S.K.: 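Structure incoming, see below.
Keep in mind the model is a prediction, meaning the values are calculated, not measured. In what follows, chains are A, B, ... by sequence order, proteins preceding strands, each numbered from 1.
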Amino acid sequence: MKIASFNINGIKARIGALTDWLDEAQPDVALLQEIKSVDEGFPRELFEDRGYVVETHGQKSFNGVAILSKHPLEDVSRGLPGDDGDEQARWIEATVVGNTHAVRLCGLYLPNGNPAPGPKYDYKLAWMARLEARARQLLADEMPALMAGDYNVIPQAEDAANPKAWETDALFLPQTRAAFRRIVNLGFTEAFRARNQAPGHYSFWDYQAGAWEKDNGIRIDHFLLNPACADLMQDCQIDRAIRGREKPSDHVPIWVELAL
DNA sequence: ATGCCCCCCTTTGGGGGA
């Protein structure tokens, strides 16, 4: 089963780019971030026509996550636990049932956090603490589980073309990286790095200053797999070429192939 | 580190992103 994550930066602006990629890449599941749409505005029939079931957790103008799946989804849950007052749509969960295993899927859009320091950075760190709490539960469960999406975290210097430029940025501050590492170190496998240790692999290139043309990218979209899920991983890749197309998102898809 | 893009509800600009 091929499970992909893609920050599309607005569903309305990305309909063509998204459907083209779906038709070619043929993921069984696509976890989408930044749909920037309310649930009623999401063009679900475009995906239902392609054989996907659609679950959204939308919000007006900003954020918003969704799951598209060619297999039935069960136990859908919206919102990251731990703060009932959090209005931002950044988390959706569901269980997808394969032939041999069921897998718990968590799609996430972690806060950017800039400028740091400040209230937005405080929100990012608080959100990451809630993420850690949910991650601990997923580890305790025996069911294979993954958390995938736009983490807005550059884990290591080799995950940026120009790490110097990110030193004071919320995506790369020591506190951000420590919070991410703390979650991984609970026992998760960072899927891409488990299969590829080379520098120069990115998932985001800014629209500005010719970042794509200069390959001035960063790797901020990640899959974290619990041990039962890591045992099923057969591949993990980043669809880099998508960034060079017409009217692209500033992110590209990343996907894992799981044996189920 | 700013040479862009997306959203809103618009006619002219503001908020937000990474």
Side-chain angles (χ1 to χ4, degrees), chain A residues 5-21 32-43 46 56-66 86-91 107-125 127-128 131 148-177 179-180 192 200-222 238 240 242-254:
Chain A
S5 167
F6 192 2
N7 179 323
I8 56 174
N9 189 19
I11 184 63
K12 296 172 191 72
R14 217 62 63 209
I15 283 173
L18 177 58
T19 53
D20 285 353
W21 167 73
L32 305 179
Q33 301 91 41
E34 280 206 273
I35 63 173
K36 295 186 176 180
S37 162
V38 293
D39 296 332
E40 308 78 62
F42 193 82
L46 273 175
T56 59
H57 181 37
Q59 177 182 342
K60 191 177 178 181
S61 302
F62 309 119
N63 309 317
V65 288
D86 188 354
E87 302 284 314
Q88 301 190 28
R90 298 178 173 275
W91 180 269
L108 67 99
Y109 175 44
L110 204 149
N112 173 310
N114 281 305
K120 292 189 175 178
Y121 193 57
D122 295 341
Y123 175 66
K124 177 174 195 158
L125 293 178
W127 204 94
M128 292 183 85
L131 177 61
D150 177 0
Y151 278 76
N152 273 316
V153 174
I154 304 167
Q156 304 287 351
E158 56 265 35
D159 298 312
N162 183 12
K164 269 270 176 217
W166 297 93
E167 269 180 353
T168 61
D169 192 283
L171 279 64
F172 193 55
L173 282 174
Q175 241 186 314
T176 305
R177 297 162 59 196
F180 180 77
F192 187 80
H201 290 278
Y202 312 125
S203 65
F204 169 90
W205 295 259
D206 202 296
Y207 289 121
Q208 299 187 66
W212 168 246
E213 287 74 15
K214 297 174 189 165
D215 196 21
N216 182 15
I218 51 177
R219 195 174 68 88
I220 56 175
D221 297 86
H222 309 298
I238 298 172
R240 170 190 175 91
I242 296 298
R243 186 63 177 80
R245 297 206 173 166
E246 288 286 304
K247 220 166 148 41
S249 171
D250 39 10
H251 294 251
V252 297
I254 172 174

S.K.: Please measure how far the C1' atom in dG14(B) lies from the corresponding atom in dC9(B), and state the result in whole Å.
M.R.: 11 Å

S.K.: Among dC6(B), dA18(B), dG17(B), which nucleotide has an atom closest to any side-chain atom of R14(A)?
M.R.: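 Side chain of R14(A) sits closest to dC6(B).
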
S.K.: For a quick test of reading the model, state the closest non-hydrogen atom pair linking N152(A) to L171(A) and the distance between them.
M.R.: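 Shortest heavy-atom contact: O-CG, 3.4 Å.
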
S.K.: For A209(A), which contact category applies under a 4.0 Å heavy-atom criterion: base, sugar-phosphate, or nothing?
M.R.: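 Since a base atom lies under 4.0 Å of A209(A), the category is base.
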
S.K.: Can you figure out which of dC6(B), dA18(B), dG3(B) approaches the side chain of D150(A) most closely?
M.R.: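 Within the option list, the nearest is dA18(B).
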
S.K.: How many Å lie between OH on Y123(A) and P on dG17(B), as a whole number?
M.R.: 10 Å

S.K.: Write down the distance between CZ (F62(A)) and P (dC5(B)), rounded to a whole number of angstrom.
M.R.: 19 Å

S.K.: Tell me yes or no: between the side chains of Y202(A) and D215(A), is some donor less than 3.5 Å from an acceptor?
M.R.: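 D215(A) and Y202(A) do not have a side-chain donor-acceptor pair below 3.5 Å.
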
S.K.: Looking at dA18(B), dG15(B), dC5(B), which one has an atom nearest to any side-chain atom of N112(A)?
M.R.: dA18(B)

S.K.: Using atom C1' of each nucleotide, how far apart are dG15(B) and dT10(B) to the nearest Å?
M.R.: 15 Å

S.K.: Please report the distance, rounded to the nearest Å, between OH in Y109(A) and P in dC6(B).
M.R.: 14 Å

S.K.: If you assign each of A165(A) and Q88(A) to its closest nucleotide in DNA chain B, which residue comes earlier from the 5' end?
M.R.: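 Here A165(A) is the residue nearer the 5' end.
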
S.K.: Check every atom of dG17(B), dC8(B), dC6(B) against the side chain of K36(A) and return the nucleotide holding the closest atom.
M.R.: dC6(B)

S.K.: What are the two closest heavy atoms between D39(A) and G58(A), and how far apart are they?
M.R.: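 Result for this residue pair: OD1-N, 2.7 Å.
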
S.K.: Need one value for Y151(A): base, sugar-phosphate or nothing, where a base atom within 4.0 Å counts as base even if backbone is also close, heavy atoms only.
M.R.: nothing

S.K.: Provide the distance between the two C1' atoms, one in dA1(B) and one in dT12(B), to the nearest whole Å.
M.R.: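 Looking at atom C1' only, dA1(B) and dT12(B) are 27 Å apart.
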
S.K.: So which atom in R90(A) and which in N63(A) form the shortest heavy-atom distance, rounded to 0.1 Å?
M.R.: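 Result for this residue pair: NH2-OD1, 3.2 Å.
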
S.K.: Any strand is fair game: report the nucleotide pairing with dC9(B) by Watson-Crick or G-U wobble, both distances under 3.5 Å, or none.
M.R.: none

S.K.: Would you say the base of dG3(B) and the side-chain of K214(A) have a donor-acceptor pair closer than 3.5 Å?
M.R.: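 Yes, a donor-acceptor pair under 3.5 Å.
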
S.K.: Does K164(A) place a side-chain N or O at less than 4.0 Å from the phosphate oxygens OP1/OP2 of dA1(B)?
M.R.: no

S.K.: Write down the distance between CD (E34(A)) and C1' (dC4(B)), rounded to a whole number of angstrom.
M.R.: 14 Å

S.K.: Where the side chain of N152(A) is concerned, which of dC8(B), dC7(B), dA18(B) is the nearest nucleotide?
M.R.: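 So the nucleotide nearest the side chain must be dA18(B).
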
S.K.: Please figure out whether I220(A) or I11(A) has its closest DNA chain B nucleotide nearer the 5' end.
M.R.: I11(A)

S.K.: Rounded to the nearest Å, what distance is computed from the CD atom of residue Q33(A) to the C1' atom of nucleotide dA18(B)?
M.R.: 14 Å

S.K.: Could you tell me the separation between the CG atom of D206(A) and the C1' atom of dG16(B), rounded to a whole number of Å?
M.R.: 13 Å

S.K.: Grab the CG-P distance between L171(A) and dA1(B) for me, whole Å please.
M.R.: 16 Å

S.K.: dC7(B), dG17(B), dA18(B): which one has an atom nearest the side-chain heavy atoms of Y207(A)?
M.R.: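 In terms of side-chain proximity for Y207(A), the closest of dC7(B), dG17(B), dA18(B) is dG17(B).
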
S.K.: Which whole-number value in Å describes the distance from N216(A) CG to dC4(B) P?
M.R.: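 Going from N216(A) (CG) to dC4(B) (P), I get 15 Å.
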
S.K.: Which whole number of Å gives the distance between the P atom of dT2(B) and that of dG13(B)?
M.R.: 23 Å

S.K.: Please determine, for the side chain of S61(A), which listed nucleotide (dC6(B), dG17(B), dC8(B)) has the closest atom?
M.R.: dC8(B)

S.K.: Side chain of I218(A) only, please: which of dA18(B), dA1(B), dG16(B) is the nearest?
M.R.: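 Comparing dA18(B), dA1(B), dG16(B) against the side chain of I218(A), the answer is dA18(B).
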
S.K.: Over all heavy atoms of both residues, which pair between R240(A) and W205(A) is shortest? Give the atoms and the distance, please.
M.R.: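 In this case the closest contact between R240(A) and W205(A) is NH1-CZ2, 3.4 Å.
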
S.K.: Considering non-hydrogen atoms only, spot the tightest contact between F172(A) and W166(A) and give its length.
M.R.: CB-O, 3.3 Å

S.K.: Show the nearest heavy-atom pair for residues I220(A) and H251(A), with the distance to one decimal.
M.R.: CD1-CE1, 3.6 Å

